[in-house]
Amino acid sequence: MRLNKYIAQAGIASRRKADQLIENGNVKVNGVTVKEMGFITTEGDVVEVNGVVIKPVTKMEYIILNKPKGYLTAMSDDRERPVVADLVSDVGTRVFPVGRLDFDTTGLLIMTNDGDVANRLAHPSHEVVKTYRALVSGVLSPERVAKLRKGVDIGGYITKEAYVKVIKQVRKNTLVEIGIHEGKNRQVRKMFAAVGNKVLELERVSIGEIYLGRLLQGHYRKLKKEEIDFLKSL
Ligand code: URA
């Protein structure tokens, strides 16, 4: 395996940053500094970055979790609140959340021990569309839909073009599907707030070609080969 990929998979840095680390002489293989781009590691090699040994990630796991409300997207919490790691403890290896869902948001969370894939998915240049179903207060007028589609100011940042579709009225409220390209903190909640609707419920239903489907809250499933291929193609 190429040295930059080995470092990226371990979650240390993106492949590009790993190349910089190599170039700058921060990486040793079997005790010897390697500055050669494209260096290939073989099984049993001991890789160090800044003097710290980086264990190889041998078995890659990719899962999706349907995150319930009231769980932090984290591996642990000093205040002992429930964390998503509690729900995937029997996967067999430590898998980390890719990106974040708010405490009260439910739905699709990708978790993996493949730091390389996690880095690439999180990188804004890939523009993977994340789709949410939001129950928002009141009626969402066509003018508001148009604003959300075009971009709204969420506190010094204008959101990129979004996909927005009203699904139905639910009594006084509205169920909306919204697809965004970015992942700013509390973005969907802030976007609706910017046009005057409050998000009452929020669920993520897809990330690119990966769909939540009928997975129950609190449950996870392993990704299928095509889904892993999609992640690796980014
Ligand atoms: N946007 C939000 O406001 N919250 C989330 O959890 C995800 C996207």
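Given the structure is predicted, the values throughout are model-derived calculations rather than measurements. Note that ligands are numbered from 1 as they come in the structure, with each ligand's atoms numbered from 1 the same way. Note that the numbering runs from 1 along the sequence shown for the chain.
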Decide yes or no on side chain to side chain contact (heavy atoms under 4.5 Å, CB included) for Val47 and Thr41, but give the supporting numbers first.
CA-CA 9 Å; Val47 176; Thr41 58; 4.2 Å; yes

The criterion is salt bridge (Lys or Arg N to Asp or Glu O under 4.0 Å); which residues satisfy it with Lys165, sequence neighbours excluded?
none

Could you pull out the N/O contacts under 3.5 angstrom between ligand 1 and the surrounding protein atoms?
{"from": "ligand 1", "atom 1": "1 (N)", "to": "Val188", "atom 2": "N", "distance (Å)": "3.2"}
{"from": "ligand 1", "atom 1": "3 (O)", "to": "Arg186", "atom 2": "O", "distance (Å)": "3.2"}
{"from": "ligand 1", "atom 1": "3 (O)", "to": "Gln187", "atom 2": "N", "distance (Å)": "3.4"}
{"from": "ligand 1", "atom 1": "3 (O)", "to": "Val188", "atom 2": "N", "distance (Å)": "3.2"}
{"from": "ligand 1", "atom 1": "3 (O)", "to": "Arg189", "atom 2": "N", "distance (Å)": "3.0"}
{"from": "ligand 1", "atom 1": "4 (N)", "to": "Asp102", "atom 2": "OD2", "distance (Å)": "2.7"}
{"from": "ligand 1", "atom 1": "6 (O)", "to": "Asp102", "atom 2": "N", "distance (Å)": "2.8"}
{"from": "ligand 1", "atom 1": "6 (O)", "to": "Asp102", "atom 2": "OD2", "distance (Å)": "3.4"}
{"from": "ligand 1", "atom 1": "6 (O)", "to": "Thr105", "atom 2": "OG1", "distance (Å)": "2.8"}

May I ask you to decide whether Asp116 forms a salt bridge with Arg120, counting only side-chain N to carboxylate O separations under 4.0 Å?
yes

So the salt bridge (Lys or Arg N to Asp or Glu O under 4.0 Å) pairs with at least one residue in residues 21-46 (sequence neighbours excluded) are none

Quick one, Phe192 and Leu148 - any side-chain contact, counting heavy atoms below 4.5 Å?
yes

Listed once per pair and sorted, the salt bridge (Lys or Arg N to Asp or Glu O under 4.0 Å) pairs that draw on residues 78-91, sequence neighbours left out
Asp77-Arg81

